Amino acid sequence: MEINQQKAILEAILFAAGRPVSGKELLLSLEISEKDIEAIIASMQEDYKIQARGIEIIKIDNSYQLCTKKELHDFIYPVLDKRNKPNLSNAALETLAIIAYNPKIARAEIEAIRGVSADACVYKLLEYGLIEEAGKIDLPGKPMSYQTTTEFLRMFGYTSLEDLPDLPRYKLDENKQIVIEELIEQNDEKGKIEAPMPAREGIEE
């Protein structure tokens, strides 16, 4: 099978699916190796760039999706997109960030970090499909843990959680509080302090 035909097949599959398609699904269709799939997709991505196309192929975890370029959103939205957009408060965004940087975290741990109840934020993020249950933790009360979803990656433009920006390093005062005004420069290796995580012992739902 010629490379152009393989590209046409992959493009057709991604277009028709309208969702992220896993590498395994693509393998079943073309019956070629995973390395070949990755090479063809990479070639297609380059083709779209060279031709200044309005679409692109993005990678989300181990899946691929054909979508419009994000810089063209303002032209597309008035015509086609009438869906309600997630309206996330600062509190919900803070909660989402905590879960993204701490996969499989319990609600009590989120609340320990934020200092306030996380119930409403967790429910809202579940409703929007940005987080999901990740199983119960082996602690008293068997609390449920949470992690981000592929929808989170797609919405924020990440291929995987490894693409998340590094958290800033900071100083703690005598009361173990973050000194926001004195954030340590990223290139300063002295005095580096890791972000404290709440102890899991005795945490209950």
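Residue indices begin at 1 and follow the sequence shown. In this text, all values refer to a predicted model and were calculated from it rather than measured experimentally. Computation of the quantities below employed the complete heavy-atom set of this structure, encompassing side-chain atoms and omitting hydrogens, waters and symmetry-equivalent molecules.
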**Student:** What's the separation between atom CE in M44 and atom CD in Q6, rounded to the nearest 0.5 Å?
**Tutor:**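 Reported to 0.5 Å precision, the distance equals 10.5 Å.
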
**Student:** With a 6.0 Å cut-off (strictly less than), is the heavy-atom count around CG of D119, excluding the residue itself, greater than 12?
**Tutor:**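 Correct, the count exceeds 12.
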
**Student:** From L10 CG over to I32 CD1, what is the distance, rounded to the nearest 0.5 angstrom?
**Tutor:**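 So the CG of L10 and the CD1 of I32 are separated by 6.5 Å.
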
**Student:** Is any side-chain heavy atom of L125 closer than 4.5 Å to a side-chain heavy atom of Y146?
**Tutor:**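 In short, these two side chains do not touch, never coming nearer than 4.5 Å.
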
**Student:** Is T95 reaching over with its side chain to a backbone N or O of A91, donor-acceptor style, under 3.5 angstrom?
**Tutor:**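 Judged by distance alone, yes, a pair lies under 3.5 Å.
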
**Student:** For Q45 and Y64, what are the C-alpha separation, side-chain angles and deciding distance, and is it a side chain to side chain donor-acceptor pair (under 3.5 Å)?
**Tutor:** CA-CA 11 Å; Q45 291 172 324; Y64 302 92; over 6 Å; no

**Student:** Is the shortest side-chain heavy-atom distance between I3 and S43 below 4.5 Å?
**Tutor:**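 No, every pair of side-chain atoms sits at 4.5 Å or beyond.
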
**Student:** So with a 6.0 Å cut-off around CD of E2, is the heavy-atom count from everything else above 12?
**Tutor:**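 No, CD of E2 has 12 or fewer neighbouring heavy atoms, counting only those of other groups under 6.0 Å.
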
**Student:** With a 4.0 Å cut-off, would you call E151 and R154 a salt bridge?
**Tutor:**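 Salt bridge: yes.
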
**Student:** For E34, does the CD atom have more than 12 heavy-atom neighbours from other residues, nucleotides or ligands under 6.0 Å away?
**Tutor:**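 Not buried by this count: 12 neighbours or fewer within 6.0 Å.
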
**Student:** For a quick test of reading the model, state the closest non-hydrogen atom pair linking G129 to T149 and the distance between them.
**Tutor:**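 Where G129 meets T149 most closely, the heavy atoms are O-OG1, 2.5 Å.
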
**Student:** Which value, rounded to the nearest 0.5 Å, describes the distance between I110 atom CD1 and I99 atom CD1?
**Tutor:**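 Here the rounded value is 4.0 Å.
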
**Student:** What distance do T150 atom OG1 and L130 atom CG have between them, rounded to the nearest 0.5 Å?
**Tutor:**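 One gets 10.0 Å once the value is rounded to the nearest 0.5 Å.
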
**Student:** Other residues, nucleotides and ligands only: do more than 12 of their heavy atoms fall within 6.0 Å of CG on D163?
**Tutor:**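 Enclosed: over 12 neighbouring heavy atoms sit under 6.0 Å from CG of D163.
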
**Student:** Would you call the rings of F156 and F152 parallel, tilted or perpendicular, taking 30° and 60° as the class edges?
**Tutor:**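 The rings of F156 and F152 sit tilted, inter-plane angle from 30° to 60°.
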
**Student:** Under a 4.5 Å cut-off applied to non-hydrogen side-chain atoms, are T148 and L153 in contact?
**Tutor:**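 Counting from C-beta outward, T148 and L153 never come under 4.5 Å.
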
